[in-house]
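In what follows, chains are A, B, ... by sequence order, proteins preceding strands, each numbered from 1. Predicted model only: the values in this text are computed from it and were never measured.
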Amino acid sequence: MSSIHSCEVRVCRWNFVLEDSNNFPRKCTEMTTRRTKPVDTVKNQTPEVHSTRSSGRVRLAPKRLQYSPETREEHPRKKQKAKSQTEKESLTNKLKYEEDVENDDVEHNSDGRGGLSAYELERLENIRQNKAFLSSINLFQATEDLKQLTRPKPSQRGLRPHSSVKEVLPPRKSLRLQKKEAEMLTLPPEPRGTLVYEQSSTIKKPTGPLPMNPINMEEGFQLPAELPELCSEDTKERKMKLDLKTYCSALKSMAIADDGVVKVVKDRIFSAAFHPCSSRLLMAAGDKWGKVGLWNFGADWDDDGVLLFEPHTRPVGCMAFSTAHPTQLLTLSYDGSLRCMDVEKAVFDDVYDIDDDLKTFAFMSHDCSTLLVGNWYGEVAIVDRRTPGNSHKSLHSVDPKTLRCVSVHPLQMQYFAVAESRVVSIYDSRSLKKTKNCAVSQLHGHTKSISSAYFSPCTGNRILTTCMDDHIRIYDTSSVNTECPLLKSIRHDMHTGRWLSKLSAVWDPKKEDCFVVGSMMRPRRVQVFHESGQVLHSFMDSENLNTVLSVTAFHPTKNALLGGNSSGRLHLFSS
DNA sequence: ACAAAATGCGGCC
DNA sequence: TGGCCGCCCTTTTG
């Protein structure tokens, strides 16, 4: 019994907060996870132990704690439910009465008033008025519309939801049946600070090339021959000068195809990219658990053309196909590794590996051999992939605080922009020191942290930023090393909350002055803006687009757009 | 059908 | 600067 007793003691040190400052009941997720300082009022209660898990954590029946019969207080949500229930009932009754009135289905008496008292007549009059009111506000239409709003089932294409094999456990026999004495069990110590998770899931993959074995296919699966062929296709960039009108009509011609929503990775998408080839649409996406999915739209291999790999163990924060060697996809992960998938060699090669959390990277030369890699703490490394070994790492402390994004000037590649907490700084890589670097220019005006900052794709004359202060900004960087004035500031809701990736506005590589960004607006949509702030197009689709697409990217040459959501599904818009 | 859980993170004090 | 607060978004699981 002593172990149970210790359970109670431990449990009583937690105080479950059920209401927020607005007196709204908090979600139970928070109810069961939030712990605050000891509170005397709960100390002497004996909470009901609901269940214990293998982790040794104890779960309570929280409702009993706060809304016990003693307090005679109902759970607020229950109350609300009960209220709406009565509302519903009275409405149904009212409707029934109406029917009765309409059908003249009321008992009549001989006195000409149908034998009804003044009160009942008044009631019938009320019913008539209610009916007139209800039809005037189109209530019945509204209920129909509401029914329509219920979300359709997400696409079941791509990775199958239940592909994991259940572990077969040896048969168990209780100690009592074995006629043995009960063991004295002790609870593990309460975790301190952040929870400690199983090492195995957060440990990095071993260094050295990892073979490209798709984890969604049978063992010994050979990569489709189509893949290296596609990837080595000539992808010479065609810089088209599109006028705005043509561009807009191209946007309007794009839509999600019937089979254009596919589960490409298992978990929430952190990064995604289009392969530059034009004969097919080939996409890659990286998720929260280090998985990388390749999706060849319309391919006939299993899982609707999806191959799933596992080159990392933590979120794949950034990825890009090499424009110089399109058989290569570079993937960077928070686990501190940067790898290069090569479909010709069928491996994920090591590019950079460090005991820090990496955040982002960008190509720093046209041949894609030099990379600019940034970690979370404001340090950048210039990595030359042609130089083997560790000597090619050079860390420069740019800002000791935070780093969210790096972007290299497309023409003058010595200049790069770094989004550092509340300012974007532009540095010259030729004059970088170990510490305390001076920016050649800075972009001011952000009042909260900046999620991303990108040079415009063709000239580098603009920088597009996305900031947590709910604004997208465009700066004029045509003279990088002097002043860079703010051109436009566009309001955009960036409140994605806990379970979604952050939004980022990204340029269309085909169009110097247009960009795309996901949106929180309902119905769900993806918006394309002109740098003037004008919304050129909103992609909406009640059938196929019902979630927030946090990660978006345009195809470098074709009329195609991808959007990734938090369930690992890619959405393909094309014409 | 429904409820609860799910391996943050930026902002602010 | 450490730690608390509040997102209210989506999907999976039981």
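Here B:dG11 presents its P atom at 10 Å from CD1 of A:I450, a figure rounded to the nearest Å. Across the protein-nucleic acid pair, A:N546 atom CG and C:dC9 atom P stand 14 Å apart, rounded to whole Å. If you take CH2 of A:W499 and C1' of C:dC7, they are 11 Å apart, rounded to a whole angstrom. At whole-Å resolution of the value, CZ in A:R498 and P in B:dT7 are 9 Å apart. Regarding A:L503, its CG atom lies at a distance of 17 Å from the P atom of C:dC7, rounded to whole Å. Separating the CG atom of A:D357 from the P atom of B:dT7 is a distance of 18 Å, rounded to the nearest angstrom. One atom, CD1 of A:I269, and another, C1' of B:dG8, lie 18 Å apart when rounded to the nearest Å. In this structure, A:R524 atom CZ and C:dC8 atom P are separated by 11 Å, rounded to whole Å.
Between A:R339 and A:D350, at least one side-chain N (NZ, or NE/NH1/NH2) sits under 4.0 Å from a carboxylate O, which counts as a salt bridge. With respect to the salt-bridge test (charged N to carboxylate O, under 4.0 angstrom), the residues A:D287 and A:K266 do not qualify. Taking 4.0 Å as the cut-off between side-chain N and carboxylate O, A:K204 and A:D353 count as a salt-bridged pair.
The side chain of A:S566 contributes no N or O atom lying less than 4.0 Å from OP1 or OP2 of C:dT10. Considering only side-chain N and O atoms, A:H495 lies under 4.0 angstrom from the phosphate OP1 or OP2 of C:dC8. One finds a side-chain N or O of A:K502 lying less than 4.0 angstrom from the OP1 or OP2 phosphate oxygen of B:dG10. Note on A:R268: every side-chain N or O is 4.0 Å or more away from OP1 and OP2 of B:dG8. The side chain of A:N565 contributes an N or O atom lying less than 4.0 Å from OP1 or OP2 of C:dT11. Between A:K288 and the phosphate of B:dG8, there is a side-chain N or O to OP1/OP2 separation shorter than 4.0 Å. A sub-4.0 Å separation between OP1 or OP2 of C:dT12 and a side-chain N or O of A:K263 is present. Within the structure, every side-chain polar atom (N or O) of A:R522 is placed at least 4.0 Å from both OP1 and OP2 of C:dC8.
A:T496 comes within contact range of at least one nucleobase, with a heavy-atom separation under 4.0 Å. Within 4.0 Å (heavy atoms only), A:D267 reaches no atom of the nucleic acid at all. Residue contacts for A:R404: at a heavy-atom cut-off of 4.0 Å it reaches the sugar-phosphate backbone alone, with no base atom in range.
Counting only heavy atoms from C-beta on, A:S449 has its side chain closest to B:dG10 among C:dT11, B:dG10, B:dC9. The side chain of A:T547 approaches C:dT11 more closely than any other nucleotide in the set C:dT11, B:dC9, B:dG8. Proximity note for A:S567 (side chain, C-beta onward) versus C:dT11, C:dC9, B:dC9: the nearest is C:dT11. Nearest to the side-chain atoms of A:W289 among the listed nucleotides B:dT7, B:dG10, C:dT10 stands B:dT7.
The same atom, C1', is picked in B:dA1 and in C:dT12; the two are 15 Å apart, to the nearest Å. Taking atom C1' on both B:dA5 and C:dC9, the two are 15 Å apart, rounded to the nearest angstrom. Of the C1' atoms belonging to C:dC7 and B:dA6, the separation is 15 Å, rounded to the nearest Å. To the nearest whole angstrom, the two C1' atoms, one in C:dC8 and one in B:dA4, are 15 Å apart.
Both A:G497 and A:D469 sit near DNA chain B, but only A:G497 has its closest nucleotide nearer the 5' end.
Under the 6.0 Å cut-off for aromatic ring centres, A:F554 and A:F274 do not qualify, their centroids lying 6.0 Å or more apart.
By the side-chain hydrogen bond (donor to acceptor under 3.5 Å, both in side chains) test, A:R422 is found to be paired with no residue, residues two or more places apart in sequence or in another chain being considered. Residues passing the side-chain contact (heavy atoms from CB on, under 4.5 Å) test with A:R525, sequence neighbours excluded: A:S519, A:M521, A:P523, A:Q527, A:S538, A:M540.
No more than 12 heavy atoms of other residues, nucleotides or ligands sit less than 6.0 Å from atom CG of A:D258.
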